[in-house]
K.L.:
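Below is the structure I would like to discuss, written out as structure tokens.
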Protein chains: 2
Amino acid sequence: MVMDVTRRPYADALDRLRKAQLRPTRQRLALAKLLFSTGDRHVTAEALHKEALANRVRVSLATVYNTLHQFTQAGLLREVVVDPTRSYFDTNTSRHHHFYWEDEHDLADIPDRALEFDTLPLPPEGTEIAGVDVVVRLRRKPD
Amino acid sequence: MVMDVTRRPYADALDRLRKAQLRPTRQRLALAKLLFSTGDRHVTAEALHKEALANRVRVSLATVYNTLHQFTQAGLLREVVVDPTRSYFDTNTSRHHHFYWEDEHDLADIPDRALEFDTLPLPPEGTEIAGVDVVVRLRRKPD
DNA sequence: GTGTTTGCAAAGTGTTTGCAATTTA
DNA sequence: TAAATTGCAAACACTTTGCAAACAC
């Protein structure tokens with residue numbers, strides 16, 4: 001797996017926004033730095049907002065939501081559906097699957113080769129497969 | 001696939017509730033009849049509530065939510081997470097996976113043998129796998 | 001009768017939107 | 001300075017909850 005985390009978070013974030021044709025505003029730059037400077041991450045809007053505030057980045061929750069969706073549309077993020085009550089965004093946009101700890105509400109990538117299909121269904125007539133999402137739900141093992 | 005739909009919806013519903021140790025109230029019986037009399041179904045609370053009203057069953061939306069959760073806890077239903085904005089309940093509680101039409105918000109079972117794994121990840125230390133959910137997302141094929 | 005279930009309305013949670021003020025190019 | 005973006009507060013969709021009335025056993 002390639003780590004494309006540079007040692008120049010500002011320039012890196014700026015570059016991503018330019019490539020995505022998104023104006024590099026103060027808020028977007030700050031959020032991009034938080035999201036993309038430290039390897040693969042899974043965040044909720046709420047969590048990212050808290051993290052921004054803790055890093056003295058003044059940004060509203062509404063803007064965090066908007067930004068996460070703009071980043072997703074631009075292909076910088078991927079939305080992961082695992083919990084009906086909250087949306088997760090993944091900085092790893094490549095094809096991969098997820099572990100989900102139901103109790104802790106924690107999400108992690110499943111390593112690339114660890115999950116492979118033997119058979120996949122054919123898409124029904126007139127449709128095509130937009131994506132295949134696998135969630136392996138985990139619980140603490142009782143002793 | 002075994003169709004366990006009887007020609008005696010009332011007795012069948014009563015039986016299910018008894019086995020689940022749920023009091024057969026008018027509302028639960030009516031909802032069980034709607035859910036289990038017509039083969040495998042995927043419903044949202046809202047949709048089931050509308051259907052109940054259309055069948056002259058007087059029941060509140062709150063009771064529909066409560067009932068769906070009670071049925072799920074009792075193993076009569078299975079919750080399916082495919083859309084962050086609504087919860088689906090599946091009358092097919094056996095191990096199987098789903099097609100999801102993102103545009104139509106429509107859900108369907110994937111036939112048993114049509115999807116099989118070659119490799120599944122080991123659960124991380126201290127955890128066990130509670131379930132593996134696969135969603136094959138579909139879109140209309142452009143001509 | 002006693003304990004369970006229901007229905008309503010109110011509250012809650014996560015998310016989106018309208019719009020004036022601000023910022024970017 | 002024209003167009004895009006932000007922040008706030010209000011609106012929103014879906015879901016849960018508190019409690020008195022109704023119901024099942």
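Because only heavy atoms are used, hydrogens play no part in the values below, and waters and symmetry mates are left out as well, while side chains stay in. Proteins get letters first, then strands, A, B, ... in listed order; numbering begins at 1 in each.
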K.L.:
Can you find a pair of side-chain heavy atoms, one from Leu77(A) and one from Phe36(A), that are under 4.5 Å apart?
P.N.:
yes
K.L.:
Under a plain distance cut-off of 3.5 Å, with no hydrogens placed, do His98(B) and Asp109(B) share a side-chain donor-acceptor pair?
P.N.:
yes
K.L.:
Do Arg137(B) and Val81(A) have side-chain heavy atoms sitting under 4.5 Å apart?
P.N.:
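A side-chain contact exists here, since the closest heavy-atom pair is under 4.5 Å.
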K.L.:
For residues Phe89(A) and His69(A), establish whether the separation of their ring centroids is below 6.0 Å.
P.N.:
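When the ring centroids of Phe89(A) and His69(A) are compared, they turn out to be within the sub-6.0 Å range.
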K.L.:
Just so I know, are the side chains of Ile129(B) and Leu138(A) near enough to count as touching, which here means a heavy-atom distance under 4.5 Å?
P.N.:
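Contact flag for Ile129(B)/Leu138(A) side chains = yes.
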K.L.:
Any side-chain N or O of Arg86(B) less than 4.0 Å from the OP1 or OP2 oxygen of dA13(D)?
P.N.:
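Looking at the OP1 and OP2 atoms of dA13(D), neither is under 4.0 Å from any side-chain N or O of Arg86(B).
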K.L.:
Rounded to the Å, how far apart are Phe89(B) CZ and dT15(D) P?
P.N.:
7 Å
K.L.:
Given atom CG of Asp83(B) and atom C1' of dA13(D), what is their separation to the nearest angstrom?
P.N.:
12 Å
K.L.:
Name every residue in residues 52-61 of chain B that has at least one heavy atom under 4.0 Å from any atom of DNA chain C, in order of residue number, or write none if there are no such residues.
P.N.:
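Those residues are Arg58(B), Val59(B), Ser60(B).
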K.L.:
Is it the case that atom OH in Tyr10(B) sees more than 12 heavy atoms from other parts of the structure closer than 6.0 Å?
P.N.:
no
K.L.:
State, yes or no, whether a side-chain contact exists between Phe71(B) and Leu35(B) at a heavy-atom distance under 4.5 Å.
P.N.:
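Yes, close enough: below the 4.5 Å cut-off.
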K.L.:
So do the side chains of Pro142(A) and Glu128(B) get within less than 4.5 Å of each other, counting heavy atoms only?
P.N.:
yes
K.L.:
Grab the CG-C1' distance between Leu22(B) and dG3(C) for me, whole Å please.
P.N.:
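After rounding, the gap between these two atoms is 15 Å.
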K.L.:
Separation of His105(B) atom NE2 from dA13(D) atom C1', in whole Å?
P.N.:
12 Å
K.L.:
Under 3.5 Å for both distances, Watson-Crick or G-U wobble, that's the pair rule; now give the dot-bracket for DNA chain D, with | marking pairs to another strand and [ ] for crossing ones.
P.N.:
|||||||||||||||||||||||||
K.L.:
Name the nucleic acid region contacted by Ser87(B), choosing base, sugar-phosphate or nothing; use a 4.0 angstrom heavy-atom cut-off, strictly under.
P.N.:
sugar-phosphate
K.L.:
Can you pull out every salt bridge (charged side-chain N to carboxylate O under 4.0 Å, His left out) where at least one residue sits in residues 20-39 of chain A? Sequence neighbours excluded, please.
P.N.:
none
K.L.:
Using a cut-off of strictly less than 4.0 Å between a heavy atom of the residue and any atom of DNA chain D, enumerate the qualifying residues of residues 62-72 of chain B by number.
P.N.:
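Under 4.0 Å from DNA chain D: Ala62(B), Tyr65(B), Asn66(B), His69(B).
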K.L.:
Please examine the side chains of Leu14(A) and Leu29(A), heavy atoms only from C-beta on, and report whether any two atoms are closer than 4.5 Å.
P.N.:
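Sidechains of Leu14(A) and Leu29(A): in contact.
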K.L.:
Could you tell me whether Gln21(A) atom CD has more than 12 heavy atoms of other residues or ligands within 6.0 Å of it?
P.N.:
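Count not over threshold, so no.
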K.L.:
What string of B, S and - do you get for nucleotides 19-25 of chain D, 5' to 3', when a contact is any protein heavy atom under 4.0 Å?
P.N.:
-----BS
K.L.:
Who pairs with Glu116(B) by salt bridge (Lys or Arg N to Asp or Glu O under 4.0 Å), at least two apart in sequence or on another chain?
P.N.:
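Counting only residues at least two positions away or on another chain, Glu116(B) forms no salt bridge (Lys or Arg N to Asp or Glu O under 4.0 Å).
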K.L.:
In whole Å, what is the span from the NE2 atom of His49(A) to the P atom of dG7(D)?
P.N.:
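Going from NE2 in His49(A) over to P in dG7(D) covers 8 Å.
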K.L.:
Tell me: CD of Gln73(A) to P of dA4(D), nearest whole Å?
P.N.:
15 Å
K.L.:
Is the shortest side-chain heavy-atom distance between His105(A) and Asp83(A) below 4.5 Å?
P.N.:
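They are in contact (side-chain heavy atoms under 4.5 Å apart), so the answer is yes.
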